[in-house]
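Reviewing the structure listed below.
No hydrogens, no waters, no symmetry mates; every other heavy atom, side chains included, goes into these values. In what follows, every chain begins at residue 1, and chains take the letters A, B, ... in the order their sequences are listed.
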Amino acid sequence: MAKKPGIPKGTRDFGPMEVAKRNYIFNTIKANFEAFGFQPIETPSFENSETLMGKYGDEGDRLIFKILNSGDFLGKVDDALYAEKDAQKMTSKISEKALRYDLTVPFARFVVQHQNEIEFPFKRYQIQPVWRADRPQKGRFREFYQCDADVVGSKSLWQEVEFVQLYDAVFTTLKLKGVTIKINNRKILSGIAEVIGAHDKLIDFTVALDKLDKIGEEKVKEEMLGKGIPQEGIDKLQPLFSLSGTFEEQVAALGEILNTSEDGKKGIEELQFIDNAITELGLQTAKLQLDVTLARGLNYYTGAIFEVSAPKGVAMGSIGGGGRYDDLTGIFGLKDVSGVGISFGLDRIYLVLEELDLFPPTITENIKVLFINFGEAEALGCLKAIKELRKQGVAAEMYPDAAKMKKQMNFANKREVPFVVMVGESELNSNTFTLKNMATGEQQTIFLEELVGRLK
RNA sequence: GUGGUUGUAGCUCAGUUGGUUAGAGCGCCUGAUUGUGGUUCAGGAGGUCGUCGGUUCGAGACCGAUCUUCCACCCCA
């Protein structure tokens, strides 16, 4: 007996219903991207390893799916290296390609490679799957879709403002209320690190700070001490632990801490600019919230950092993220091109909409009418009518076999086809069609012209 | 990558301290109804209990490995 088939860990099949729901989200995001002036691009599902490796930190490198070289991939490895059994050193010898890990780095590569064909500022969107060799959990898969919108070639903070509006627009269209757009700024984080004498410990400092709402103030301080951050520096942080109130009040408190840091002051200015603009413009359903503990993507973000969390009460990690990276294309040799962008996590948004029952009831693709098959002569008559209906844009289909009536009706019922047409011997002879409404059970016998009119 | 968790019929799940032939509901198939579905009634099919190995007279149950699911950490969408 054949072994039961399966799919790899962290991947999924999607049935017709799931695809319909996913398309609903895709289409919503896409429509909003286009309304904001973004243009679509696509990049290959795999890149040269050197394009991806080292761009996401050590953790990221570990999570990149590597593709084994074709042919005799071991033959070219020299014996000494082989004997060493050092997986890391070996990897670069036996694998030269890797699956896309996100859409931002491939986009940076794209910009550098096509810089002469691109009009800057360039606003692109990209909706494609990415792969991560992560251990699966709820809302965490090894293959999932990202929906990215980025702008390169403009340092203007109006872009950040527009991205906040874009988030708000998409989640409003999806009827997902109560979404929080958290914002922070890399300059503020490095400013704080500078002020407390942990200039060279930015990562340690932010990792500890990030745990504030999980492990509490005391533990965070302990961890910082443990990482070699001086006590007098931690004392300066005190106002940070009790940040509260409005965006304005929080920014004011930050200003106290950061008044000696040029970098920090710049970060505050940027935050204020964005907040002022958003306050003036207004948001439909989302909230913009300052969160100094937000420390994602520090490997390349240089200014604003965004993260979107689902409405309260839904246990789900972030459903979107993004930020400003002043020099991402620099690593590919193109200096002084600033970029800023955001991403939507399709798969997680799906889970949230499902949990809150927010999908519109009628999104499945379905035929409008099924023709019952009574036999060869009748079937041909049916197909003539079906041809006309399809020409008029009515999705119609004939049951392929002259099976028992009950079986055919049952099929129509299961498929939730709203109408059924019966053409038996008598209808065939009189050139008529018996149209049955499956919801009410009503039926009547009519001519083709009227049939088309009713179903159109 | 670390620690834990899950797996029994197509689906959701029972299955007692190890003990005959592993159950239920829903779904599926057939008939009552040979041109009328959703309701009802009667009958039926379907499982090497995730996989491999071990302990035992005997394993769905106990042990080990492995795969899978979900969860926490890490990180992230």
Side-chain angles (χ1 to χ4, degrees), chain A residues 1 3-12 15 25 29 56-64 87-88 100-104 127-148 167 203 206-207 210-211 214-215 294-299 305-310 315-323 341-352 370-375 378 399 402-428 434-445:
Chain A
M1 193 172 71
K3 206 184 152 204
K4 269 189 194 167
I7 54 174
K9 180 182 1 189
T11 64
R12 293 133 320 140
I25 304 176
I29 292 175
Y56 311 100
D58 292 343
E59 186 69 11
D61 282 358
R62 185 171 68 75
L63 297 176
I64 291 174
Q88 275 205 323
R100 192 202 286 135
Y101 176 88
D102 74 353
L103 300 177
T104 305
I127 299 178
Q128 289 190 279
V130 302
W131 294 269
R132 293 183 190 177
D134 209 349
R135 197 181 281 206
Q137 286 179 36
K138 182 175 189 176
R140 170 176 296 193
F141 309 99
R142 300 174 90 170
E143 176 182 64
F144 61 96
Y145 271 77
Q146 285 193 333
C147 312
D148 275 31
Y167 268 138
I203 301 289
T206 50
V207 164
D210 185 48
K211 294 179 187 166
K214 268 186 193 163
I215 62 176
L294 183 58
R296 39 172 300 111
L298 282 179
N299 283 305
I305 303 171
F306 295 111
E307 181 169 300
V308 181
S309 51
M316 182 61 61
S318 60
I319 55 176
I342 60 172
S343 180
F344 291 80
L346 174 105
D347 302 81
R348 288 186 176 179
I349 293 171
Y350 182 103
L351 291 171
V352 172
L370 178 80
F371 282 64
I372 303 293
N373 188 331
F374 282 88
E378 292 90 339
Y399 196 86
K404 278 184 192 164
M405 183 102 183
K406 178 172 173 145
K407 193 177 168 76
Q408 301 193 42
M409 291 299 288
N410 225 324
F411 177 80
N413 208 40
K414 294 268 170 56
R415 283 274 305 269
E416 296 180 315
V417 181
F419 294 97
V420 159
V421 168
M422 282 162 284
V423 179
E425 204 182 337
S426 61
E427 284 94 344
L428 193 63
T434 297
L435 177 67
K436 177 175 176 121
N437 181 323
M438 290 298 278
T440 63
E442 290 171 312
Q443 64 182 59
Q444 59 189 134
T445 302

May I ask whether A:Phe344 stacks on the base of B:A77, given the cut-offs of 5.5 Å between ring centres and 30° between planes?
->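 It does not: the two rings, one from A:Phe344 and one from B:A77, miss the stacking criterion.
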Could you check A:Met405, A:Glu427, A:Gln408, A:Glu425 and say which one makes a side-chain contact (heavy atoms from CB on, under 4.5 Å) with A:Phe374?
->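 Exactly one pass, corresponding to A:Met405.
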Please report, rounded to the nearest Å, how far the [atom2] atom of [N] is from the [atom1] atom of [X].
X        : N     : atom1 : atom2 : value
A:Asp134 : B:U68 : CG    : P     : 14 Å
A:Leu63  : B:A77 : CG    : C1'   : 13 Å
A:Glu59  : B:C74 : CD    : P     : 10 Å
A:Leu351 : B:C70 : CG    : P     : 10 Å
A:Tyr56  : B:C74 : OH    : C1'   : 19 Å
A:Met316 : B:A72 : CE    : P     : 11 Å
A:Asp210 : B:C76 : CG    : P     : 9 Å

Kindly say whether, by distance alone, the side chain of A:Arg140 makes a donor-acceptor pair under 3.5 Å with the base of B:C70?
->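 By the distance-only test, no, there is no pair.
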Where the side chain of [X] is concerned, which of [options] is the nearest nucleotide?
X        : options             : value
A:Lys9   : B:U69, B:C75, B:A77 : B:U69
A:Arg135 : B:U2, B:C75, B:C76  : B:U2
A:Gln137 : B:A72, B:C75, B:U69 : B:A72

So how far is it from A:Met438 CE to A:Glu416 CD, rounded to the nearest 0.5 Å?
->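 Atom-to-atom, A:Met438:CE and A:Glu416:CD are 10.5 Å apart.
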Might you point out which heavy atoms bring A:Gln128 and A:Tyr145 nearest each other, and give the distance in Å?
->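 Taking A:Gln128 first and A:Tyr145 second, the nearest heavy atoms are C-CD2, 3.5 Å.
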Sugar-phosphate atoms are those with a prime plus P, OP1 and OP2; base atoms are the rest. Using that split, label each nucleotide of nucleotides 29-38 of chain B B, S or - for protein heavy atoms under 4.0 Å, 5' to 3'.
-> --SB--BBBB
Whole-Å C1' distance, B:U20 and B:G25 =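 It works out to 26 Å between them.
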